[in-house]
Amino acid sequence: MINFQYARVASTKAAIDALSKDPNAQWIAGGTNLVDLMKKGVLAPQKLVDINNLPLKEIKKENGRVSIGAMALNSDTAENTIIQKELPLLSLALKAGASQQLRNMATVGGNMMQRTRCPYFYNTDMPCNKRNPGSGCGALKGFNRMHAIFGASEKCIAVHPSDMCVALVALDAVVLVTGPKGERRIAFENFHRLPGETPQKDNTLERAELITAVEIPDNPFNKYVHYEKVRDRSSYAFALVSVAAAIDIKGDTISNVRLAMGGVAHKPWRLTSAEDFLKGKAASTENFTQAATLAMQGAKGYGDNNFKLKLAPITIVEALKTAAAKS
Ligand SMILES: Cc1cc2nc3c(=O)[nH]c(=O)nc-3n(C[C@H](O)[C@H](O)[C@H](O)COP(=O)(O)OP(=O)(O)OC[C@H]3O[C@@H](n4cnc5c(N)ncnc54)[C@H](O)[C@@H]3O)c2cc1C
Ligand code: SF4
């Protein structure tokens, strides 16, 4: 373990100043990802700035929008009555993540910022463009069972590991950030990025920009929702493939639908062509199957993960069927 300094801050300004002034400082929230990365030698910040005392834990509904503070715990968010009533899809996705103990420590902001679980990223003896730009991608021709089937590049085929983020992209969430240049709002779809030529960048945040909250606009998806997660163990395991499905059904017809997948791309993967196809159609297995076929256009396997090409459409259909069957 390397030596590092530790400081605690109590305001967003102090948190931002601490990182602006010191290029070797990093915020720590629940620490469930950052400390692992430090133990493995992947990251070596010289100063940890503890942001757990920031007043950013509130979950509230105002003007039709639900706002979740960045420091709200994953477990508190999943159990919150506003979230369970208004955003049951988000509650399901959170509960599918990690384990109860980890969710008791992990924060909403930290969950969004967690790094990929690609084993080559964590093994400092192996090449990895994300950890060490220009060193190559160990997974491309290596063991790539957990890796991407959408949006990858020759530089990186890693996936984003979060469950929570799959629900948030489906629900059209907006990320509120504050940094040295002021505040800005980022559509969740644009928060995480594809690897392209710069896989070292997971998202569009700039240095010292702090996530303060996530906002979810008013939506009709409080009944027919499901989060289907396929994984190697029933707990404490990341998704091989996951699907967040939310449907609004009027009579026999789908009036609105949201779909997103996890475990398949460098970012939570929204399935807009499948959504467009389903709007105005009956909630039938036949339509769900056609939507899944559309969603899989452009998918590509890299060897060990070819099974995802079959698993993903099955999971989409299963998620839609389960969501539609809820009453
Ligand atoms: C064994 C194991 C299994 C897991 N399984 C799952 C799973 O199935 N599904 C899943 O979704 N997750 C899973 N996780 C990951 C877990 O959810 C994340 O580690 C957790 O959400 C990270 O939150 P944290 O608050 O602990 O972040 P930290 O580890 O404290 O921080 C992570 C990063 O976020 C940055 N950061 C934190 N807060 C902010 C902020 N407000 N603004 C800007 N940057 C910030 C930190 O600087 C750091 O770089 C698992 C983790 C483990 C160890
Ligand atoms: S897939 Fe990405 S994270 Fe994994 S080894 Fe390749 S560059 Fe690194």
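All of these numbers come straight from a predicted model, not from anything done at the bench.
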Exercise. Verify the distance criterion only: is there a donor paired with an acceptor across the side chains of D163 and Y227 at less than 3.5 Å?
Key: yes
Practice problem: May I ask you to test the V214-V174 pair for a side-chain heavy-atom distance under 4.5 Å? | Solution: no
Self-check item: Validation row: V177, L210 side chains within 4.5 angstrom (heavy atoms)
Solution: no
Quiz item: Only one of D232, N305, N306, D304 forms a side chain to side chain donor-acceptor pair (under 3.5 Å) with R145, so which one is it?
Solution: D232
Practice problem: Answer with yes or no whether the side chains of N287 and Q290 bring together a donor and an acceptor at under 3.5 Å. | Solution: no
Exercise. Check whether any side-chain heavy atom of I211 lies under 4.5 Å from a side-chain heavy atom of T178, and answer yes or no.
Key: no
Quiz item: Using a distance-only test with no angle check, is there a side-chain donor-acceptor pair under 3.5 angstrom linking N80 and Q84?
Solution: no
Quiz item: Would you find more than 12 non-hydrogen atoms of other residues, nucleotides or ligands less than 6.0 Å from Q200 atom CD?
Solution: yes
Practice problem: Would you sort out whether R193 and D202 count as a salt bridge (charged side-chain N to carboxylate O under 4.0 Å, His left out), showing the intermediate values? | Solution: CA-CA 6 Å; R193 59 185 294 284; D202 292 345; over 6 Å; no
Exercise. Could you verify whether a donor N or O on one side chain and an acceptor N or O on the other, from D17 and S20, lie under 3.5 Å apart?
Key: no
Quiz item: Hey, are the side chains of L90 and I68 touching, using non-hydrogen atoms and a 4.5 Å cut-off?
Solution: yes
Quiz item: Counting heavy atoms not belonging to Q100, are there more than 12 under 6.0 Å from its CD?
Solution: yes
Quiz item: Same cluster for L194 and V264 if Ile/Leu/Val/Met/Phe/Trp/Tyr side chains link at under 4.5 Å?
Solution: yes
Quiz item: With a 3.5 Å cut-off and no angle check, do the side chains of N219 and D172 form a donor-acceptor pair?
Solution: no
Quiz item: Got a sec, which pairs hit ring pair (Phe, Tyr, Trp, His ring centres under 6.0 Å) with one end in residues 256-310, sequence neighbours left out?
Solution: F150-W269
Quiz item: Going through the checks in order, is the salt bridge (charged side-chain N to carboxylate O under 4.0 Å, His left out) test met by E275 and R270?
Solution: CA-CA 9 Å; E275 290 176 7; R270 183 88 179 256; 2.7 Å; yes
Practice problem: Tell me whether the centres of the aromatic rings in H192 and F188 are closer together than 6.0 Å. | Solution: yes
